[in-house]
**Q** 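Shown below is the structure under consideration.
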Amino acid sequence: MKIDVTTPGDGETLWVVADRIRFLGGLAGSNLELIEVEVPPGSGTPPHSHASPELFYVIEGELTVRHFATDGPPEVTIAGPGTSVRVDPRAPHNYSNDGGNPVRMLVLIEPSMIAFFRDIGTVEPPAQPDFARIGAAMQRHGIETPTMAA
């Protein structure tokens, strides 16, 4: 038995498109891992779904989270500091930082999503996203883009 400590200067950090992700570790005996995500203004994800549930906890800034229901417009939540948002497995969703300040949040996820982030992450922020590479990684990791009603 041991105790692992990750200080603010520790932890592997990767850039996933414009978002900075710091890997904080997992819980022994569980299937959960914790990451810290910094989302700059204007950044976010496209609508998607995956098998891993997620739990977002916003530390600073305001994060817009959308749930894309099969019938009707998306449900929109503006999550400010101290707000948690749980996304069920396979729920079509996305997030974006629509404000002028960075968002910093903790995200609890399963290793399948950690593997996806490691697959597409880069050590330095990319000048332009490589959408073909990201799309191929999404297929490999079972991340789907929902069909949106017109």
Side-chain angles (χ1 to χ4, degrees), residues 1-68 75-146:
M1 293 188 175
K2 65 179 186 168
I3 296 176
D4 288 323
V5 176
T6 302
T7 65
D10 294 340
E12 177 187 9
T13 299
L14 291 176
W15 293 88
V16 174
V17 187
D19 296 356
R20 183 177 166 268
I21 296 180
R22 190 163 70 107
F23 300 90
L24 301 174
L27 290 174
S30 82
N31 197 27
L32 299 173
E33 297 199 29
L34 186 64
I35 59 175
E36 178 185 57
V37 181
E38 292 179 16
V39 185
S43 185
T45 64
H48 65 282
S49 67
H50 42 74
S52 175
E54 296 176 293
L55 180 63
F56 303 140
Y57 179 79
V58 177
I59 298 169
E60 62 186 56
E62 286 189 340
L63 186 73
T64 301
V65 181
R66 292 171 194 83
H67 173 240
F68 297 93
E75 298 170 21
V76 178
T77 300
I78 307 298
T83 303
S84 66
V85 177
R86 189 191 70 209
V87 178
D88 286 339
R90 295 282 171 217
H93 67 285
N94 82 324
Y95 71 75
S96 60
N97 179 352
D98 300 333
N101 297 311
V103 170
R104 194 163 59 98
M105 64 179 167
L106 296 174
V107 182
L108 195 59
I109 53 178
E110 293 178 346
S112 61
M113 289 303 296
I114 296 290
F116 171 71
F117 293 142
R118 288 185 192 285
D119 194 0
I120 67 168
T122 56
V123 176
E124 296 294 327
Q128 292 291 330
D130 184 343
F131 292 114
R133 185 171 151 266
I134 294 168
M138 288 174 69
Q139 285 186 328
R140 282 193 302 276
H141 295 279
I143 300 170
E144 300 173 351
T145 303

**Q** So, do Pro89 and Pro53 sit near enough that their side-chain heavy atoms are less than 4.5 Å apart?
**A** yes
**Q** Give me the atom names and distance for the closest heavy-atom approach of Val58 to Val103.
**A** CG1-CG1, 4.5 Å
**Q** Drop me the distance from Leu108's CG to Leu55's CG, to the nearest 0.5 angstrom.
**A** 6.0 Å
**Q** For the CD1 atom of Ile109 and the CZ atom of Phe56, what is their distance to the nearest 0.5 Å?
**A** 9.0 Å
**Q** How about Ser112 and His141: do any of their side-chain heavy atoms sit closer than 4.5 Å?
**A** no
**Q** Could you go through Tyr95 and Val37, starting from their C-alpha distance and side-chain angles, then the distance that decides it, and tell me whether this counts as side-chain contact (heavy atoms from CB on, under 4.5 Å)?
**A** CA-CA 12 Å; Tyr95 71 75; Val37 181; 4.0 Å; yes
**Q** Taking all non-hydrogen atoms of both residues, which atom of Ile134 and which atom of Pro129 are closest, and how far apart?
**A** CD1-CB, 4.4 Å
**Q** Looking at every non-hydrogen atom in both residues, tell me the closest pair between Gly61 and Pro81 and how far apart they are.
**A** O-CD, 3.3 Å
**Q** Closer than 3.5 angstrom, by distance alone: can the side chain of Asn97 be matched with the main-chain N or O of Leu63 as a donor-acceptor pair?
**A** no
**Q** Atom CG of residue position Asn101 - does it have more than 12 heavy atoms of other residues, nucleotides or ligands inside 6.0 Å?
**A** no
**Q** Show your working on side-chain contact (heavy atoms from CB on, under 4.5 Å) between Leu106 and Ile35 and close with a plain yes or no.
**A** CA-CA 6 Å; Leu106 296 174; Ile35 59 175; over 6 Å; no
**Q** To check you understand the geometry: which heavy-atom pair defines the closest contact between Pro111 and Glu33, and what is its length?
**A** CG-OE2, 3.7 Å
**Q** If you apply the rule side-chain contact (heavy atoms from CB on, under 4.5 Å), what do you find for Glu36 with Val107, and how did you get there?
**A** CA-CA 6 Å; Glu36 178 185 57; Val107 182; over 6 Å; no
**Q** Using only heavy-atom distances, determine whether the side chains of Ser96 and Arg66 contain a donor-acceptor pair under 3.5 Å.
**A** yes
**Q** With a 4.5 Å limit on heavy-atom distance, are the side chains of Thr6 and Phe23 in contact?
**A** no
**Q** Without hydrogens or angle criteria, can the side chains of Ser43 and Asp19 be said to hold a donor-acceptor pair below 3.5 Å?
**A** yes
**Q** When you compare the side chain of Arg140 with that of Asp119, does any pair of heavy atoms fall below 4.5 Å?
**A** yes
**Q** Just so I know, are the side chains of Asn94 and Phe68 near enough to count as touching, which here means a heavy-atom distance under 4.5 Å?
**A** yes
**Q** Trp15 and Ile21: side-chain contact (heavy atoms from CB on, under 4.5 Å), yes or no, with the steps?
**A** CA-CA 6 Å; Trp15 293 88; Ile21 296 180; over 6 Å; no
**Q** Between Pro102 and Glu38, is there a side-chain heavy-atom distance shorter than 4.5 Å?
**A** no
**Q** Which pair of non-hydrogen atoms, one from Met138 and one from Thr145, has the smallest distance, and what is that distance?
**A** CE-OG1, 3.7 Å
**Q** Provide the full list of side chain to side chain donor-acceptor pair (under 3.5 Å) pairs with a residue in residues 84-93, sequence neighbours left out, each pair given once.
**A** His48-His93, Glu54-His93, Arg86-Asp88
**Q** So, are Arg104 and Glu60 salt-bridged, with charged N and O less than 4.0 Å apart?
**A** yes
**Q** At what distance, to the nearest 0.5 angstrom, does OG1 of Thr45 lie from CD1 of Ile143?
**A** 10.0 Å
**Q** If I take atom CE from residue Met105 and atom OG1 from residue Thr83, how far apart are they, to the nearest 0.5 angstrom?
**A** 12.5 Å
**Q** For the residue pair Ser52 and Met113, what are the closest heavy atoms and their distance?
**A** CB-CG, 3.5 Å
**Q** Backbone N or O of Ala79 within a donor-acceptor pair of the Thr77 side chain at under 3.5 Å?
**A** no
